[in-house]
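To start, the structure under review is shown below, and the notes come after it.
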Amino acid sequence: MRLVAENLGGERGGERLFSGLDFAVSAGNALLVTGPNGAGKSTLLRIIAGLLVQAEGAVHLESPPQPYESLVAATHYLGHLNAMKPVLSIDENLRFWQSFNGAGRCSIVEALERVGLADIGHLPFGYLSTGQKRRASIARLLISDRPVWLLDEPTAGLDKASEMQFTGSMQQHLAGGGIIVAATHLPLGLAAKELSLGAAA
């Protein structure tokens, strides 16, 4: 399996942020996207996730472990927002996402244990602290099997213990043949290639 981008270009608000990007990430590997604010890191992830249309070029997944109807169907996207309903409990939010994305090898109970939220799954998501919200969103990655993880500043709001815990989950995903593309200003504890985007013109 490989995630391949060819001559990829991205825009925001009509302004070209990057162009001519070529990269390939094989199963079991991670790509860290770095660069200053405004360089297009989030835009790149959103293009791969199918949330934005690329200005040029193409990105696709070669030889996935099972047939997917599209690249989008093979990806988990963790952005700046946590994609959870504040009035629903953590459990209810995760049940929704599992029904939407499909079941995985990790149950909701197991996922909450892994992110340290096993005792508060009944609480409304809106009651949680910033760090707890991020950990609940990370649990969303664990409950449905999708081979490509797209992570935008994934450790934002996490304390050191939670960062280490998440590093373990990322390493496990890669060891299982997954792919990670992460936009970050901070080290994630992964052996990874780096793609540096320049400042916006």
Side-chain angles (χ1 to χ4, degrees), residues 1-84 97 100-102 104 134 137-138 140-157 166 169-170 173-174 176-188 190-201:
M1 178 178 65
R2 292 201 314 161
L3 178 68
V4 179
E6 299 170 320
N7 195 38
L8 200 61
E11 296 180 347
R12 183 181 61 225
E15 178 184 11
R16 182 63 62 96
L17 298 179
F18 56 84
S19 60
L21 286 187
D22 293 296
F23 62 81
V25 191
S26 298
N29 290 280
L31 178 70
L32 300 186
V33 184
T34 62
N37 291 336
K41 301 185 298 296
S42 296
T43 297
L44 174 59
L45 292 190
R46 289 171 183 157
I47 287 171
I48 300 171
L51 300 174
L52 291 175
V53 177
Q54 65 267 30
E56 64 183 358
V59 58
H60 63 278
L61 191 63
E62 294 180 347
S63 305
Q66 65 187 65
Y68 291 95
E69 61 185 33
S70 66
L71 172 58
V72 173
T75 63
H76 275 310
Y77 173 71
L78 179 63
H80 293 288
L81 301 178
N82 290 304
M84 299 283 201
W97 280 114
F100 186 80
N101 289 328
R134 200 58 169 172
S137 297
I138 289 169
R140 179 167 57 86
L141 305 176
L142 306 177
I143 58 172
S144 301
D145 291 334
R146 293 194 166 194
V148 180
W149 287 9
L150 306 173
L151 311 175
D152 199 349
E153 300 293 350
T155 57
F166 185 41
S169 292
M170 290 188 288
H173 178 66
L174 295 175
I179 287 172
I180 291 175
V181 181
T184 181
H185 288 99
L186 302 171
L188 297 179
L190 302 175
K193 295 180 180 179
E194 185 172 318
L195 173 66
S196 181
L197 299 182

task = Check step by step if side-chain contact (heavy atoms from CB on, under 4.5 Å) holds for Phe166 and Leu188.
result = CA-CA 9 Å; Phe166 185 41; Leu188 297 179; 5.8 Å; no
ask   = Leu71 and His60: side-chain contact (heavy atoms from CB on, under 4.5 Å), yes or no, with the steps?
value = CA-CA 6 Å; Leu71 172 58; His60 63 278; 5.7 Å; no
task = Carefully, step by step, assess Glu153 and His80 under the rule side chain to side chain donor-acceptor pair (under 3.5 Å).
result = CA-CA 7 Å; Glu153 300 293 350; His80 293 288; over 6 Å; no
inquiry  = Go through it in stages, so that I can follow the logic: the residues are Leu141 and Leu151, the test is side-chain contact (heavy atoms from CB on, under 4.5 Å), and I'd like the CA-CA distance, side-chain angles, deciding distance and then a yes or no.
reply    = CA-CA 10 Å; Leu141 305 176; Leu151 311 175; 3.9 Å; yes
key: Derivation of the side-chain contact (heavy atoms from CB on, under 4.5 Å) call for His185 and Asn37   = CA-CA 9 Å; His185 288 99; Asn37 291 336; 3.2 Å; yes
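Using a 4.5 Å cut-off on side-chain heavy atoms (C-beta onward), Ser137 and Leu78 make contact. Asn82 has its side chain out of reach of Arg140: every pair of non-hydrogen atoms, C-beta onward, lies at least 4.5 Å apart. Side chains of Tyr77 and Ile48 form no contact here, defined as non-hydrogen atoms less than 4.5 Å apart.
A distance of 8.5 Å separates CG of Asn7 from CG of Leu21, quoted to the nearest 0.5 Å. To the nearest 0.5 Å, atom CG of residue Leu195 and atom OG1 of residue Thr34 are 7.0 Å apart. The CG atom of Leu8 lies 11.0 Å from the OG1 atom of Thr43; values are rounded to the nearest 0.5 Å. Taking CE of Met170 as the reference point, atom CD1 of Ile138 lies at 8.0 Å (rounded to 0.5 Å). With values rounded to the nearest 0.5 angstrom, Leu17 atom CG is found 5.0 Å from Arg12 atom CZ. One distance of note links CG of Leu32 with CG of Leu186; it measures 11.0 Å at 0.5 Å rounding.
A donor-acceptor pair is defined here as one N or O able to donate and one able to accept, closer than 3.5 Å; no such pair exists between the side chain of Arg2 and the backbone of Ser26. Judged purely by atom type and a 3.5 angstrom limit, Ser144 uses its side chain to pair as donor or acceptor with the backbone of Gly102.
For Glu69, the CD atom is loosely surrounded, since the number of other residues' heavy atoms within 6.0 Å does not exceed 12.
Contact between Leu174 and Gly178 at its shortest, heavy atoms only, is CD2-O, 3.5 Å. Taking both residues in full, the closest heavy atoms of Pro65 and Met1 are given as CD-SD, 3.4 Å, listed atom of the first, atom of the second, then distance. Across all their heavy atoms, Pro147 and Tyr68 have their closest contact at CD-OH, 3.2 Å. Contact detail for Leu197 and Phe18: the closest heavy-atom pair is CD1-CD2, 4.2 Å. Counting all heavy atoms, side chain and backbone alike, Arg134 lies closest to Ala156 at CG-O, 3.5 Å. In terms of heavy-atom proximity, His173 sits nearest to Val148 at NE2-N, 4.5 Å.
Sorted by first then second residue, the salt bridge (Lys or Arg N to Asp or Glu O under 4.0 Å) pairs that include residues 17-27, not counting sequence neighbours, number zero. Identified under the salt bridge (Lys or Arg N to Asp or Glu O under 4.0 Å) test for residues 35-58, with sequence neighbours left out: Arg16-Glu56.
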